[in-house]
Every structure is written in C-alpha cells, then in structure tokens.
Amino acid sequence: MTTEQPHPPPSGSAPPSPGSAPPPRSGSTPPPPRLTRSPFESETFTSATFVTVGNGPLLALAAVWLVTRAGMLLLLLKDSLGIGGVGREVYLLYRHWYGQFADGSFPVGDPAWQYPPGAGLVIMSPGVLPWLSYFQAFVVLTLLADALVALALTHADQERLTHGAWVWVCGLPLLLHVPLARYDVQATALAVLALLALKRPRSRAAHRIGGALAGLGALVKVWPLLALIGTPRGRTSREAWTAAAVTAGALLTVLALSFSGPLTFLRGQGDRGVQIESLGGTALALARATGVWSGTVDLRHGALEYIGPYVSTFGHLALLLTVVTCGWLLLWRLRARHWTPATPLDAALAAVLLLTVTSRVLSPQYMVWLLGLGAVCLTSRATVMRPVVLLLLPAAALSSLAYPVLYADVIAGTLPGLAVPALRNALLLAAALLAARRLWTATVTPEPEPADAE
C-alpha cells in the first residue's frame, strides 16, 4: 500500500510558515477578514466603523466639540450677527464690575447688578490669567467650563447607551456665541457636576460633594440649588442639603468679610419689570401689535423691559405663578413614592423649566441651563425626560434667532419679531408642562396592580 505524496508549492511561492493557517481549498469560502487592534487597520473599516468601534465615539465627540466651539468663537470675535454687540457684556459690564471688586466692593447702586454674591467669584476669575486681556481670559475660562461639562457627561455615559454628551456638545452651538459671553456656562457646570455626583449610589462622599457644588452654585446663580430637589428621602437628602448649607454659609461669610455690599442685589429684585423675551412679554407684545395695549420698551436693570399700563399686573401674576410652582414642587416632594436613579435629574430639569416659564425674566442664556440639565437627564436610561429634551433643542435654536439675529425686530414688534419668541415660548411652556406631568406620573402615580390570574 502506497502513501500519497503532498504536491510541492507552485514555483515562485514561499512555503507556508509554521503555525500559519492552511491555504483555502479550491471552491471553499474565503477566510473572514483579519482582526486588528485598531479599526483603521481592519479590512472592514468604514466611516461608520469610526463612530461605533473602540474610541470612535469619543474621537467624534471631541472633533464636533472643537469644530463647533471654533465656530462660536469666530462669531464672538466678529460679533456682528444681527443686532451685534453680544460680547459687550463681558468687556464693558463685567470688566467694569471687576474693577469695583478690585477696590473691595460689590457693584453697590448699579441697577444692572442682579446676581447673588457668589457671582463675584466668576467675575473676578479672569484675574487668574493676567497675561490675557479680561475678555480673552473670560472666554478661555468659559470654554474650559464647557469642556469640563462635556467630559463629565461623557464619563457618566461609559456604556455609550445614552446621548447626554451629544446633547450638550451639539445643543450649545444652537445658541450661537451667546454662551461664551455670559457666565451661565460656569453656573451650569456646577449644577451638572452636582447632579452627576448625586447620581452615584451608596457614596456618602459623592453626595456631600454634590451638595457642596449645589450650594456653591446657589451663591453663583441661585437656580443650581434645585439640583437637590429630587434627592431621595433620608440620609442622602440630609447629607446633600447639609453640605449645601455649610458651603453656601461659609462662602457667604468669606465674601461678606472681604467685600462690602454682598447682599445689595436683593434691593433690585423687587423693581424688576417684564422682560420682552419672557412669556408675559410675549403676551404684551401681541397685545401691542393688535392695538389693545400701548406700552413701550425701555432698558431697565440691564435688560429690555416693557413699561406702560398693566405691566405691574403681569409682573405680579408672574410672581404668583412662581409661588404656585414652588407649592407644586413641594407637593410633589411630599407625594413622591417611586425613586429611580434618574429621579433627581428629572426633578431638577422639571423644576428649572417650570420656574423659567413663570419668571418675569427669560434671557436667551437661560437656555444654557436647560440644555445642561437635559443632557444630564440623558445620562440615565431610566429618565422620563427624553421628549422634553427634544423640545428644548428647537427652542434653543429659536432663542438665538430671537437674539441676536432678529432682536431689532423683537424690539420693534414686527411679524418675525413676534412669531419667533412666541414659538420659542410655546415650546418652553409645552416642555415645562410635559416635564411636570411625566415627573408626577413616574414618581407619584401608583402603578396599576396586575390582574389576578384566573
């Protein structure tokens, strides 16, 4: 019996190396593409692979952040879009206040100073970059706060199953260059970091840190304290609220000892009128357009407000609605029975939304707060606020259209100047009511009992 001898390899071909896979048989299926450590080296690499394999999503997010922020920065440097002058608030007003802080005093007697004492820390912060101008340093620090928010949201979504970071990175440019010329990004960063710390289960240190950040945010812009409204009852709430009170009290004491007049901002709050971009302002604008109301627009307290008959009535009505909203939030807090990891995040967004639409003032930069809180909600798969966040994105785009693009029309009350703020405010009102309903349904309304098996 003879054995079959193997055929020698064809002339000119190298013999197979030891350990290599045998060559495919004639007529058999080709081998699968070879696997590599890098998607760029894979034989199946496409543009879709870039955003789905390895670090692709992170690289794509970073690229979008760089491109969009470069565009925002370019708009700010040119600052001629629409009514223009968006950056004046920084290099004129903030710079003026910086000089007063350097003299050891809050802006006493300045009607434009409408901020709690912690805002002084943000106004003074460009001093840490003395080699830059005040305007340059402020913008750099704002971009750093923006990047910090993006990184924190990315880290909170390690499984890449939600879209929180993308909402922030892509949503903020909808406001054009306005966020770079206001200090609301810094305040939003404090609220976002506070909520992400509170989101960590069974971490007492994280809960205290979250409370401390919320307390610091309250002294900077007041509203970040609402990050604590949805903390679970019991030890978590006690630790967070205690840390917030201690932090706010300690910082207020330091500021009161270091500067004169830290609480002068309270005097101007009662004199605030109805800002033209607010929901009440939209009602007055429509009344003026139809000839029912004969008021005018004037610059007061650093904002354009309506003056004329019934304005004070609208202002009092807004205050009443704010009180009613606070009462509803307290009732929700007492009635809530079902807590999920997303409840503190959802409650913060609902609370800020409700208080925003009932306020006498609704500046375009307020959308920065809502986008940040909406992005935090989307870091949890348990959130009930996804439809609400979807309403916020077109509202943000309309906000930048109202200011600065069509702001002259908004002041004059032309048809575009009426339609754009009205549509934006309608979206915000719908988002606020939807957020309240979904929060109540998810946490208060009892789940239906299953039917008894027969």
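Heavy-atom basis, side chains included; hydrogens, waters and symmetry copies ignored. By convention here, the first residue in the shown sequence is residue 1.
Val246 is linked by a side chain to side chain contact (heavy atoms under 4.5 Å, CB included) to Thr242, counting only residues two or more places apart in sequence or in another chain. Under the side chain to side chain contact (heavy atoms under 4.5 Å, CB included) criterion, Leu418 pairs with Ala285, Leu286, Ala289, sequence neighbours left out. Taking Ala412 as the reference, Thr414 meet the side chain to side chain contact (heavy atoms under 4.5 Å, CB included) condition, with sequence neighbours excluded. Every residue was checked against the salt bridge (Lys or Arg N to Asp or Glu O under 4.0 Å) condition with Arg333, not counting sequence neighbours, and none meets it. Under the side-chain hydrogen bond (donor to acceptor under 3.5 Å, both in side chains) criterion, Arg238 pairs with no residue at all, not counting sequence neighbours. Listed by chain and number, the residues in a side chain to side chain contact (heavy atoms under 4.5 Å, CB included) with Val140 are Leu129, Leu132, Leu144 (sequence neighbours excluded). Residues meeting the side-chain hydrogen bond (donor to acceptor under 3.5 Å, both in side chains) test with Asp146, sequence neighbours left out: Trp65, Arg69, Trp168.
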If you look only at distance, which donor and acceptor atoms sit under 3.5 Å apart when one is on a side chain in residues 187-200 and the other is two or more places apart or in another chain?
| residue | atom | partner | partner atom | Å |
| --- | --- | --- | --- | --- |
| Thr188 | OG1 | Asp184 | O | 2.7 |
| Lys199 | NZ | Thr379 | O | 2.8 |
| Lys199 | NZ | Thr379 | OG1 | 3.1 |

Could you go through residues 70-82 and list every donor-acceptor pair under 3.5 Å that involves a side-chain atom there, pairing it with any protein atom two or more places apart or in another chain?
| residue | atom | partner | partner atom | Å |
| --- | --- | --- | --- | --- |
| Asp79 | OD1 | Gly85 | N | 3.4 |
| Asp79 | OD1 | Val86 | N | 2.9 |
| Asp79 | OD2 | Val86 | N | 3.2 |
| Asp79 | OD2 | Gly87 | N | 2.9 |

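The side chain to side chain donor-acceptor pair (under 3.5 Å) contacts involving residues 246-260 comprise Ser105-Ser260, where partners must be two or more places apart or lie in separate chains. Sorted by first and then second residue, the side chain to side chain donor-acceptor pair (under 3.5 Å) pairs with a member in residues 420-433 read Thr282-Asn425, Ser399-Arg424; sequence neighbours excluded. Listed by first and then second residue, the ring-ring contact (aromatic ring centres under 6.0 Å, His included) pairs involving residues 204-241 are Trp223-Trp369 (not counting sequence neighbours).
Taking the six-membered ring where the residue is Trp, the centroids of Trp97 and Phe106 are separated by 6.0 Å or more. In this structure, Tyr91 has its ring center no closer than 6.0 Å to that of Tyr134.
Pairing each heavy atom of Gly215 with each of Ala248, the nearest pair is O-CB, 3.8 Å. Annotation for Leu61 and Ala165: closest pair CD2-CB, 3.7 Å, computed over non-hydrogen atoms. Heavy atoms only, all atoms of each residue included: Leu354 and Ala432 are closest at CD2-O, 3.7 Å.
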Query raised in the report: Would His163 and Leu153 count as a side chain to side chain contact (heavy atoms under 4.5 Å, CB included) if you check the C-alpha gap in whole Å, the side-chain angles of each, and the deciding distance to 0.1 Å?
Result: CA-CA 9 Å; His163 304 89; Leu153 292 170; over 6 Å; no

